[in-house]
Amino acid sequence: ELQLVSLATMGGAPSSLSRMRRLKHAGDDSGAWGRPWRRTFDAVSMVLFAQFARGANAGDVPSRLDLDAFEDADCLSDPRSELLLELMSEFADVMEDALRFGSVTSSSSSAPSAWAIAGNWIAERGHIMMHLSGQLFSGPFCEPGKVAGGAATCLLLLDRPEDAGRLEQAIRCVEDLEAMIETTAPGEKSIFDVRLHMFLRSPWPVFRLLDLLVHHFPAGTTQLAEPEFWRCVPHENLAGDHLEFDWSWFQEALQTSLASALSSSENFELRSEDGPISEQYRARWARIYRADSFREAAAFSSAAFYKFRRQQWEAGCSPGIVSAYIMQVVTFCNRDTEAWLARYVGAAWRLSILLTPLSNLVSRGWPMFKALHLGSLLRRHPAPFRAGQAAKSGNGALEIRDDGPPKRTKIPAETLQDRLREALLPFAHSEVYVTAVWGSLTQYLEQYISRWISLDMPTLFVLAMDTAAAEACTSAARRGISCI
């Protein structure tokens, strides 16, 4: 098998250790070379030994690792996932338009019913979406997809709000969905040990659909009385004492600022003219902060968060204080330092499950899930999935190609494993070193490779983590250096 071991546990490889010590001491010289080399040397954290000579099949590449045993691919490797992603994203777009241009109930004479606006799409594609959802999410894992599918199901049950029986089914559906969400924060675990990070990274439109469920649910239809902690009286806490926070203003400002920030996909673009990748993320964050009322809502959230670090229910407005916590998550989705993102995610998610269960939240208009959707878009990952990315035919209908049996899409871990196995084939009995290069480290790569070659080091694999690193490695590569 391939074994990854630290330098400190390289038993039986004194020649390798001496070479590494000599290489490190060579970088300790004073002058311009010293500091860049030490910084880059730290990246050589592991040594990859290809021990292919063991066993009967000496020289063979080891068997593949079973990535399914520990890798939750979010059901994206299933060939049906692309179509279902397209349908769910379209459904979210249609329901957002219905919310913007229609009324939740059909009693309004000045605006058409939201369901009249969405009716054509639901009639044409709603049953396909639900059929695929039932097939794709029938197995283990894929929690974000399952919750997204559950939210879509509950939404479809609201199409006839005057039907008491159907509305009762929707209420039961919300309760089941609430139970699914609660399982993502196991009670026996640490307060920070939750699975919200899997939802933040997922392309399934789970937060959009949950937010739509909250806003489309007819007011006054849930059987639960409004909790005492939800009074949300401006400038008043639970005990009736004066408080500096106007919760009504905060709800409106939060709704306005989030809607403005999410109104255009251009707000989330990474622009090369802003500089290196870290500066591109910072510039994107600055654009979001310039949205209407965003800075004011963020400042209110921060003040409320620090005021109620404990006994949050004493604020007298559970959805307001939970929204303030979630806005802190949004802040740290942009820059995660010293694991603060994990702490905010854990605390905010557990607090939301405790103080604002979904069955209490529906129809009351607080945009907590919209804030989480914004946080997921601000994470450092590729562009999110949007409706329209799947193949379309000329008449606008989704095209289902018949190219033979569907092929399973590889997850990133499988692609990396395949590339490494291919690169290791010529070095079946050799000692190989691995490092990774990206971002600001790329400027030192040419010097790094030159020093590596001059000291007669073994073969080096360079994992190029971005386009600039790949180009730099290709141009600087020499014999004994492999760019991946």
Side-chain angles (χ1 to χ4, degrees), residues 181-182 185 190-194 196-197 200 207 210-211 214 226-261 285-286 288-358 360-361 364-376 378:
I181 294 174
E182 288 177 354
S190 160
I191 185 175
F192 303 127
D193 193 354
V194 300
L196 178 59
H197 65 282
L200 290 170
F207 295 128
L210 286 171
D211 180 70
V214 167
E226 185 162 283
E228 179 68 15
F229 302 150
W230 286 55
R231 293 188 305 119
C232 296
V233 177
H235 303 294
E236 189 176 298
N237 65 11
L238 181 62
D241 299 328
H242 177 76
L243 194 65
E244 63 266 35
F245 303 120
D246 184 344
W247 299 112
S248 299
W249 175 90
F250 178 49
Q251 182 178 6
E252 183 178 349
L254 194 60
Q255 189 74 263
T256 300
S257 61
L258 292 173
S260 177
W285 177 251
I288 295 299
Y289 248 71
R290 286 193 289 269
D292 292 343
S293 304
F294 199 98
R295 282 173 291 186
E296 293 81 1
F300 184 105
S301 300
S302 183
F305 168 79
Y306 283 104
K307 176 75 173 181
F308 294 100
R309 296 288 296 273
R310 295 177 176 84
Q311 287 83 41
Q312 292 85 1
W313 55 88
E314 293 182 356
C317 185
S318 292
I321 202 66
V322 171
S323 296
Y325 268 71
I326 290 175
M327 285 296 284
Q328 296 297 107
V329 173
V330 171
T331 298
F332 279 88
C333 278
N334 180 57
R335 59 181 199 285
D336 182 16
T337 57
E338 299 179 0
W340 276 105
L341 176 59
R343 301 175 200 179
Y344 278 116
V345 163
W349 194 235
R350 284 190 181 275
L351 196 66
S352 68
I353 291 173
L354 176 65
L355 296 183
T356 56
L358 185 62
N360 284 125
L361 195 62
R364 291 186 169 93
W366 282 89
M368 285 186 282
F369 294 118
K370 188 171 290 184
L372 285 169
H373 176 53
L374 174 63
S376 70
L378 287 174

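Hydrogens, waters and symmetry mates are skipped; everything else that's a heavy atom, side chains included, is used. None of these values were measured; they are calculated from a predicted model. The first residue of the sequence shown is numbered 1, and numbering continues consecutively from there.
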A.B. asks: If we only count heavy atoms from C-beta on, is the Leu254 to Met327 side-chain gap below 4.5 Å?
C.D. replies: yes
A.B. asks: State, yes or no, whether a side-chain contact exists between Thr356 and Phe229 at a heavy-atom distance under 4.5 Å.
C.D. replies: no
A.B. asks: Restricting to non-hydrogen atoms, name the atom on Pro234 and the atom on Asp246 that form the minimum distance, rounded to 0.1 Å.
C.D. replies: CB-OD1, 3.3 Å
A.B. asks: Tell me, do Glu182 and Ile353 make a side-chain contact under 4.5 Å, heavy atoms counted?
C.D. replies: yes
A.B. asks: Is any side-chain heavy atom of Trp247 closer than 4.5 Å to a side-chain heavy atom of Trp230?
C.D. replies: no
A.B. asks: Take Lys307 and Leu243 through the side chain to side chain contact (heavy atoms under 4.5 Å, CB included) test and state the conclusion after the steps.
C.D. replies: CA-CA 10 Å; Lys307 176 75 173 181; Leu243 194 65; 4.3 Å; yes
A.B. asks: What distance separates Thr256 OG1 from Gln251 CD, expressed to the nearest 0.5 Å?
C.D. replies: 10.5 Å
A.B. asks: Tell me, do Tyr325 and Leu355 make a side-chain contact under 4.5 Å, heavy atoms counted?
C.D. replies: no
A.B. asks: Closest approach of Ser248 and Cys232, non-hydrogen atoms and distance?
C.D. replies: OG-O, 4.4 Å
A.B. asks: Any chance you could measure Ser301, atom OG, to Ile326, atom CD1, to the nearest 0.5 Å?
C.D. replies: 10.0 Å
A.B. asks: Out of curiosity, Ser352 OG to Leu196 CG, how far, rounded to the nearest 0.5 Å?
C.D. replies: 7.5 Å
A.B. asks: Could you tell me which non-hydrogen atom of Ser293 sits nearest to which non-hydrogen atom of Ala253, and how far apart they are?
C.D. replies: CB-O, 4.0 Å
A.B. asks: Taking Ser302 for its side chain and Ala298 for its backbone only, find out whether a donor-acceptor pair lies under 3.5 Å.
C.D. replies: no
A.B. asks: Should we count CD of Glu252 as having more than 12 external heavy atoms under 6.0 Å?
C.D. replies: no
A.B. asks: Where is the tightest heavy-atom contact between Ser376 and Leu200, given as atom of each residue plus distance?
C.D. replies: CB-O, 3.2 Å
A.B. asks: Write down the atom of Glu314, the atom of Asn237, and the distance for their closest heavy-atom approach.
C.D. replies: O-CB, 3.3 Å
A.B. asks: Heavy-atom distance under 4.5 Å between the side chains of Cys317 and Phe308, does that happen here?
C.D. replies: no
A.B. asks: Does the side chain to side chain contact (heavy atoms under 4.5 Å, CB included) test come out yes or no for Trp349 and Leu372, once each step is laid out?
C.D. replies: CA-CA 10 Å; Trp349 194 235; Leu372 285 169; 3.8 Å; yes
A.B. asks: Report yes if the side chains of Phe369 and Leu361 come closer than 4.5 Å at any heavy-atom pair, otherwise no.
C.D. replies: yes
A.B. asks: Look only at the side chain of Arg231 and the backbone of Leu238, and say whether a donor-acceptor pair between them is shorter than 3.5 Å.
C.D. replies: yes
A.B. asks: Rounded to the nearest 0.5 Å, how far apart are CZ of Arg290 and OG of Ser260?
C.D. replies: 11.5 Å
A.B. asks: Compare every heavy atom of Val329 with every heavy atom of Ala348, then report the nearest pair and how far apart it is.
C.D. replies: CB-CG2, 3.7 Å
A.B. asks: Do Met368 and Val214 come within less than 4.5 Å of each other through their side chains, counting heavy atoms only?
C.D. replies: no
A.B. asks: Could you state the interatomic distance from CZ (Phe300) to CZ (Phe305), rounded to the nearest 0.5 Å?
C.D. replies: 14.5 Å
A.B. asks: Show, in sequence, the C-alpha distance, side-chain angles and deciding distance for Phe250 and Ile321, and conclude whether the side chain to side chain contact (heavy atoms under 4.5 Å, CB included) test is met.
C.D. replies: CA-CA 10 Å; Phe250 178 49; Ile321 202 66; over 6 Å; no
A.B. asks: Rounded to the nearest 0.5 Å, how far apart are CZ of Arg343 and CZ of Phe192?
C.D. replies: 6.5 Å
